[in-house]
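Worksheet for the structure shown next.
So that the names make sense, note that chain A is the first sequence line, chain B the second, and so on, each numbered from 1.
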Number of protein chains: 2
Amino acid sequence: MDDIDRNIIALLVEDARRSYGDIGSHVSLSAPSVKRRVDALRRSGAIEGFTAVLDHSAMGDATEALVELFYAPGTLLDEVAERLASHPQVVEAWSVTGDADAVARVRTHGNLELERLIMELQRDGSVVRTRTVVVLSRLVSRRN
Amino acid sequence: MDDIDRNIIALLVEDARRSYGDIGSHVSLSAPSVKRRVDALRRSGAIEGFTAVLDHSAMGDATEALVELFYAPGTLLDEVAERLASHPQVVEAWSVTGDADAVARVRTHGNLELERLIMELQRDGSVVRTRTVVVLSRLVSRRN
DNA sequence: AGTGAAACCAGTCTCTC
DNA sequence: GAGAGACTGGTTTCACT
């Protein structure tokens with residue numbers, strides 16, 4: 001992983017559909033060389049894949065929230081992760097320090113669906129309590 | 001925006017470097033038709049772009065945290081957004097309901113840089129208080 | 001909105017350095 | 001590790017439906 005690799009990654013973060021030749025002209029390398037490096041970066045796991053960046057508000061998912069989750073003592077993380085992942089509205093979730101045990105970032109069509117989701121999360125065994133903050137607006141959103 | 005568009009979007013979220021022909025064979029459309037739909041989805045803003053998904057822990061950014069920010073009354077959101085965006089470690093930030101005014105998701109090389117970042121955020125005018133939870137592990141991470 | 005044909009461009013492989 | 005060249009396959013435009 002050298003500066004050229006980091007440069008290639010930056011170019012692919014900016015636009016994942018760039019051609020190898022185009023990337024090569026930015027980093028002074030031929031297309032095959034760029035392909036070899038990108039293949040290596042994917043194999044090493046530094047690049048996990050390529051995805052489309054969506055405008056969810058333009059697609060009906062207008063409500064975002066952070067749900068803090070409090071679990072009963074002795075609850076297993078894998079179990080928690082599995083239950084959270086089973087809800088398609090849970091976009092991201094982390095196990096955290098602090099008074100809550102985990103935080104889930106969720107996206108729903110509106111407050112009604114958010115309310116229903118929170119109740120479902122509370123019914124998923126071992127959840128003792130939740131505390132939700134609703135996202136009013138997105139202040140920063142970096143592509144990486 | 002019909003079911004075919006939603007299908008095309010799902011395929012591009014899964015792999016943004018898929019060819020139009022490949023997408024077409026999944027949605028029973030020719031490559032040129034798929035291209036026109038993708039162009040339209042980009043123009044409408046539903047698709048904001050295409051990016052590489054990185055493994056940040058494999059690249060030295062091992063520490064993630066959520067920093068709750070409390071601002072002085074009357075602080076302007078645009079100002080807050082600009083100041084947060086000026087720190088490259090701030091990956092995402094939202095204005096939220098609840099007792100905190102905003103939450104920033106940050107990524108640093110380690111606890112030392114996190115500590116320094118929190119102190120810098122506190123020095124950015126109008127910040128009255130911060131409260132930080134450190135991410136212990138990633139439980140769910142959906143690509144969308 | 002869609003298709004198929006055609007020209008053009010990009011991806012990928014092998015070989016050589 | 002990198003480039004050149006050749007082959008394969010993808011992208012894009014156009015005429016047509």
[X] [atom1] - [N] [atom2] separation (whole Å):
X: Met1(B); N: dA1(C); atom1: CE; atom2: P; result: 13 Å
X: Asp15(B); N: dG10(D); atom1: CG; atom2: C1'; result: 14 Å
X: Leu29(A); N: dG1(D); atom1: CG; atom2: P; result: 12 Å
X: Asp22(A); N: dC8(C); atom1: CG; atom2: P; result: 21 Å
X: Arg42(B); N: dT12(D); atom1: CZ; atom2: P; result: 11 Å
X: Lys35(A); N: dA6(D); atom1: NZ; atom2: C1'; result: 16 Å
X: Tyr20(B); N: dG11(C); atom1: OH; atom2: P; result: 12 Å
X: Asp39(B); N: dA1(C); atom1: CG; atom2: C1'; result: 14 Å

Counting just side-chain N and O atoms, does [X] come under 4.0 Å of either OP1 or OP2 of [N]?
X: Arg36(A); N: dT12(C); result: no
X: Ser33(A); N: dG3(D); result: yes
X: Arg17(A); N: dA10(C); result: no

Quick one: closest heavy-atom pair of Ala46(B) and Met59(A), and the distance?
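In this case the closest contact between Ala46(B) and Met59(A) is O-SD, 4.3 Å.
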CD/Glu120(B): more than 12 non-hydrogen atoms of other groups inside 6.0 Å:
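More than 12 heavy atoms, drawn from other residues, nucleotides or ligands, come within 6.0 Å of this atom.
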Say whether Gln122(B) and Thr130(B), considering side chains only, have a donor N or O and an acceptor N or O under 3.5 Å apart.
yes
N/O donor-acceptor pair, side chain Arg37(B) with base dA1(C), under 3.5 angstrom:
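Between dA1(C) and Arg37(B), which were checked side chain against base, a qualifying N/O pair under 3.5 Å is absent.
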When we call it a touch if two heavy atoms are under 4.0 Å apart, what does Ser19(B) touch: a base, just sugar-phosphate, or nothing?
sugar-phosphate
Worked check of salt bridge (charged side-chain N to carboxylate O under 4.0 Å, His left out) between Asp3(A) and Arg6(A)
CA-CA 5 Å; Asp3(A) 279 352; Arg6(A) 270 182 284 270; 3.3 Å; yes
